[in-house]
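Numbers for residues simply follow the sequence, beginning at 1. Remember, it's 1-based here, ligands and their atoms both numbered in the order they're listed.
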Amino acid sequence: MNTIQACIFDLDGVIVDTAVYHYKAWKRLANELGFDITEHQNEQLKGVSRMASLDLILGWGGLTKTQTEKEELATRKNAWYVDMINKMTPAEILPGAKEFVELCTQAGIKTALGSASKNSVTILKRVGIDHLFDVVIDGNKVSKAKPDPEVFLKGAQELGVAPQNCVVFEDAIAGVEAAINGGMHSVGIGLPDILGKADMVVSGLDQMNLEKLKELGALNPLKGELALGQNRSK
Ligand code: BG6
Ligand code: MG
């Protein structure tokens, strides 16, 4: 039986609800470019890096841009996004998130943040929880986007914990897949219909406890090898 020695948390949609700010900023950009994006399309942007999100959005609008133009557009979107996150308060921490990370620490379980966002540290500081995590791996420290497991494997490595003893908490399909690809346990934060690949799905970290971590520890996270095997055979 494996035991859980580390919990690795995605940021957007797991610790704080910043998806609405990403959506507002991308919508504004799309509108300036002459089209609109829907909430349904926004779902597909969750967990996806800034440049990959821009590529998807330009595709939806039927637009082609040069690399230089894309960098300018991404910078413009990020400036609006940063304006919004700079106004965030601790009230925007999702229910139970702070308490569960603290509970892990008290129980001797190491904690890491594993996020695609290059704004992670700004957000953690704004909402006053930058001291909470043993390790922070964000979009500035990785080059491969989820579902590649790089962000979580780096977190595990910096914590000194083997992947099979880690649990990843994710609200995005690509994030759950990244955990599986890294040979880690996963808890989906959201709806079972969407995150069914995860070992367990809960509506929020307020539904997590040490008992559930124990249950996860009893599972064998072999799915990672299977998932990688499937990728390799493609
Ligand atoms: C992820 C979000 O956490 O970070 C994505 O789910 C976002 O929507 C990505 O695009 C990158 O964020 P940032 O802050 O670096 O633009
Ligand atoms: Mg997320």
Region of [X] that comes within reach of ligand 1 [heavy atoms, distance under 4.0 Å]:
X     : answer
Val48 : backbone
Ser53 : side chain
Lys46 : backbone

Give a yes or no on whether a salt bridge exists between Lys65 and Glu72, defined as a side-chain N under 4.0 angstrom from a carboxylate O.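 So Lys65 does not pair with Glu72 through a salt bridge.
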If you measure from the Lys or Arg side-chain nitrogens to the Asp or Glu carboxylate oxygens, is any gap between Lys197 and Glu177 under 4.0 Å? yes
Would Lys154 pass as a cation-pi partner of Phe152, given that its NZ or CZ must be under 6.0 Å from the six-membered ring centre and within 45 degrees of the axis? no
Are Lys24 and Trp80 in a cation-pi contact, defined as NZ or CZ under 6.0 Å from the six-membered ring centre and within 45° of the axis?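 Judged by the rule (NZ or CZ under 6.0 Å from the ring centre, within 45° of its axis), Lys24 is not positioned above Trp80.
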Polar proximity ligand 1 side, [X] side, N/O cut 3.5 Å exclusive:
X      : result
Asn119 : yes
Tyr81  : no
Asn78  : no
Asp10  : no

Taking the side chain as every heavy atom from C-beta outward, state whether [X] and [Y] have any atom pair closer than 4.5 Å.
X      : Y      : result
Leu213 : Ile109 : yes
Lys110 : Val161 : yes
Ile137 : Ser115 : no

Tell me which N, O or S atom of [X] sits nearest to the Mg ion (ligand 2).
X      : value
Asp10  : OD2
Asp12  : O
Asp171 : OD1

Starting from [atom], which protein heavy atom do you reach first, and at what distance in Å?
atom                    : value
atom 15 (O) of ligand 1 : Lys118 N, 2.6 Å
atom 16 (O) of ligand 1 : Arg50 NE, 2.8 Å
atom 1 (C) of ligand 1  : Asp12 OD2, 3.3 Å
atom 6 (O) of ligand 1  : Gly47 N, 2.7 Å

Got an N, O or S from Glu170 under 2.8 Å of the Mg ion (ligand 2)? no
May I ask whether Leu45 places a heavy atom under 4.0 Å from ligand 1?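 For ligand 1, residue contact (heavy atoms, under 4.0 Å) with Leu45 is present.
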Show me, pair by pair, the donor-acceptor contacts under 3.5 angstrom made by side chains of residues 89-101, not counting sequence neighbours?
residue, atom, partner, partner atom, Å
Thr89, OG1, Ala91, N, 3.3
Glu92, OE1, Tyr21, OH, 2.4
Glu92, OE2, Thr89, N, 3.1

Knowing that exactly one of Ile15, Leu159, Ile8 qualifies, which makes a side-chain contact (heavy atoms from CB on, under 4.5 Å) with Phe133?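 Option passing the side-chain contact (heavy atoms from CB on, under 4.5 Å) with Phe133: Ile15.
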Any chance the side chains of Asn31 and Asp36 put a donor and an acceptor closer than 3.5 Å? yes
